[in-house]
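I have placed the structure first, in the form of structure tokens, so that the comments after it can refer back to it.
A note on names: the letters A, B, ... follow the listed sequences, proteins ahead of strands, and every chain is numbered from 1. Remember, predicted model here, so these are calculated numbers, not experimental data.
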2 protein chains.
Amino acid sequence: MISQTEENYLKALFALTSTKGEASVNELSKMLDIKMPTVNGMMKRLSEKDFVIYESYKPLKLTEKGRKEASLIIRKHRLTEMYLVEKMGFGWEEVHDIAEQIEHIQSPAFFAKMDEILGFPEVDPHGSPIPDENGKVIVKDFDRLSDCESGDVVKFMAVKPSSEELLKFLNSRELVLGAVITIQSVELFDKSMSVNYAHREMEVLSNMVCEKLLVEHVAK
Amino acid sequence: MISQTEENYLKALFALTSTKGEASVNELSKMLDIKMPTVNGMMKRLSEKDFVIYESYKPLKLTEKGRKEASLIIRKHRLTEMYLVEKMGFGWEEVHDIAEQIEHIQSPAFFAKMDEILGFPEVDPHGSPIPDENGKVIVKDFDRLSDCESGDVVKFMAVKPSSEELLKFLNSRELVLGAVITIQSVELFDKSMSVNYAHREMEVLSNMVCEKLLVEHVAK
DNA sequence: CAATATTGTTAGATTGTACTAATAATTTGT
DNA sequence: ACAAATTATTAGTACAATCTAACAATATTG
């Protein structure tokens with residue numbers, strides 16, 4: 001059996017290792033806001049249980065078992081977020097904290113039902129992919145809007161996990177997933193962009209915002 | 001703050017005290033399947049936190065604060081059961097264990113949304129009343145079917161909390177809440193009843209079953 | 001490359017939630 | 001009413017998950 005606490009460590013480690021494949025105790029400690037010695041001890045426990053590869057002074061890695069376990073928790077989290085938005089009427093900025101709790105519910109039937117009711121969605125309300133029942137994820141590597149150029153026409157596909165505030169900002173600009181964005185111009189000194197989308201024209205998006213928006217180039 | 005463990009003790013104590021107003025450490029211990037010394041210690045903790053009135057060798061009582069807290073957990077439990085049945089398509093025999101977990105979710109918005117979507121239901125799928133946001137419950141004292149007599153015409157209003165098996169048995173007999181039951185006869189030696197309801201005639205219900213079914217007498 | 005800063009580890013304490021064994025108080029039954 | 005049974009409590013242990021303080025290893029940088 002695996003505790004909620006352990007699940008949270010695995011999830012955080014999964015997020016940290018998804019880029020470089022490894023992470024430090026220090027990074028994990030900061031991400032979870034738990035002191036290093038505590039994290040260290042937990043890494044030993046999780047390595048004992050074969051979820052983590054831990055060797056003194058070496059970077060942390062997840063085992064295949066650990067990766068799968070983490071993916072399945074993320075699956076439950078993202079299915080829940082989708083359910084809350086699609087079936088209960090929550091805004092995409094409201095669902096993270098609730099899903100953070102519901103992801104620990106032990107009931108395959110419950111999540112299977114959600115999945116079915118939602119019609120087996122592939123992404124959550126923020127565009128992040130939902131791992132399948134075996135923990136497999138199809139990762140699409142979108143471009144950051146901030147890496148695009150003036151004249152590009154792109155489709156808004158996902159938001160990088162960030163603050164509720166960013167989501168509220170996007171709400172206020174009516175910038176929703178799927179929107180087709182045309183980049184009118186890019187400011188040289190601060191890299192802010194003027195963009196058009198839907199019925200909105202010349203909306204200015206700061207570079208901080210553009211770095212969080214993931215897009216796909218649209219055929220010209 | 002109150003832990004999930006503490007919530008479970010409060011809920012159990014609430015159930016036990018709802019009849020006589022008090023309960024013993026021993027009863028609580030049996031109900032929770034936790035040894036008496038552990039229960040004893042927890043009672044001290046909960047009395048420290050002003051949820052329970054605890055004095056050595058005296059019966060346990062809930063404080064008003066404790067009663068309210070417990071009611072609100074039961075509210076979350078029953079709202080969840082209703083939601084699972086009405087909105088997700090689960091059977092009434094499947095929802096207890098899931099609700100047992102979801103009742104600990106901390107998110108007033110989540111339960112408010114459930115409540116709203118359900119249209120502010122007053123009872124759960126087993127006919128048990130759902131406490132309001134202030135922890136107030138309207139307890140109707142139904143009769144047990146086992147206390148009725150031959151010739152009585154009654155309406156099936158609720159099932160006493162019991163096993164999944166009883167609920168499955170009722171499913172198999174198509175005996176649902178709201179059914180109007182006519183008692184044809186009562187066996188003297190084992191108190192089993194022959195009843196009619198809906199399109200079913202002369203169904204035999206053992207006394208064990210009849211004791212679990214709560215009914216309301218219908219105008220003759 | 002040595003001094004300094006950062007990161008990682010060990011040791012020991014604390015809190016919450018459980019247990020067993022021993023003892024004490026209360027209740028029951030003859 | 002007293003012995004026996006039941007129930008309650010205390011004392012001591014264990015483990016999970018956290019912390020701080022002290023120390024060790026690795027990394028950075030002048």
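Within the structure, a side-chain polar atom (N or O) of B/T5 is placed less than 4.0 Å from OP1 or OP2 of C/dT17.
When rounded to the nearest whole Å, the span between NZ of A/K49 and P of D/dA16 equals 7 Å. Here the C1' atom of nucleotide C/dG16 and the CE atom of B/M43 are 14 Å apart, to the nearest Å. Nucleotide D/dT9 holds its P atom 8 Å from the CG atom of B/L60, rounded to whole Å. Rounded to whole angstrom, the span from the CD atom of B/Q4 across to the C1' atom of C/dG16 amounts to 13 Å. Between B/R45 atom CZ and C/dT15 atom P the separation is 11 Å, expressed in whole Å. Atom CD1 in A/I2 sits roughly 20 Å away from atom P in D/dC15 (whole-Å rounding). For the pair A/K44 NZ and C/dG8 C1', the computed distance is 10 Å after rounding to whole Å. Counting to the nearest Å, the C1' atom of D/dA8 and the CE atom of B/M42 are 17 Å from each other.
With ring centers used as reference points, B/H126 lies 6.0 Å or more from B/H96.
A 4.5 Å side-chain heavy-atom check between A/S194 and A/S185 finds at least one atom pair inside the cut-off. Contact of the B/S29 side chain with the B/I34 side chain is not registered, since no non-hydrogen atoms from C-beta on lie closer than 4.5 Å.
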N/O-N/O pairs, protein side and nucleotides 26-28 of chain D side, under 3.5 Å:
none

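Nucleic acid contact class of A/K58 (heavy atoms, under 4.0 Å, all strands): none.
The backbone N or O of A/M88 lies less than 3.5 Å from no partner atom in the side chain of B/K87, so there is not a single donor-acceptor pair. Side-chain atoms of A/R78 come within 3.5 Å of backbone N or O of A/P129 as a donor-acceptor pair.
Surrounding NZ of A/K61 are at most 12 heavy atoms belonging to other residues, nucleotides or ligands under 6.0 Å away.
Within residues 16-28 of chain B, the residues having any heavy atom under 4.0 Å from DNA chain D are, by residue number, B/S24, B/V25, B/N26. Near DNA chain D, defined here as any heavy-atom distance below 4.0 Å, the residues from residues 33-40 of chain B are B/M36, B/P37, B/N40, listed numerically.
Between B/K20 and B/E27 there is a salt bridge, since a side-chain N of the basic residue sits under 4.0 Å from a carboxylate O of the acidic one. A salt bridge links A/K11 to A/E100: one of the charged nitrogens lies within less than 4.0 Å of a carboxylate oxygen.
Among the nucleotides C/dT7, C/dT17, C/dT9, the one closest to the side chain of A/Y54 is C/dT9.
Note that A/K113 lies in the cation-pi zone of B/F90, set by a 6.0 Å cut-off to the ring centre and a 45° limit from the axis.
Tested against B/R75 for a side chain to side chain donor-acceptor pair (under 3.5 Å), the candidates B/T80, B/D132, B/D115 yield a single pass: B/D115.
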Item to check | Stepwise side-chain hydrogen bond (donor to acceptor under 3.5 Å, both in side chains) check, B/K30 with B/N26 | outcome: CA-CA 6 Å; B/K30 280 171 184 156; B/N26 195 238; 2.9 Å; yes
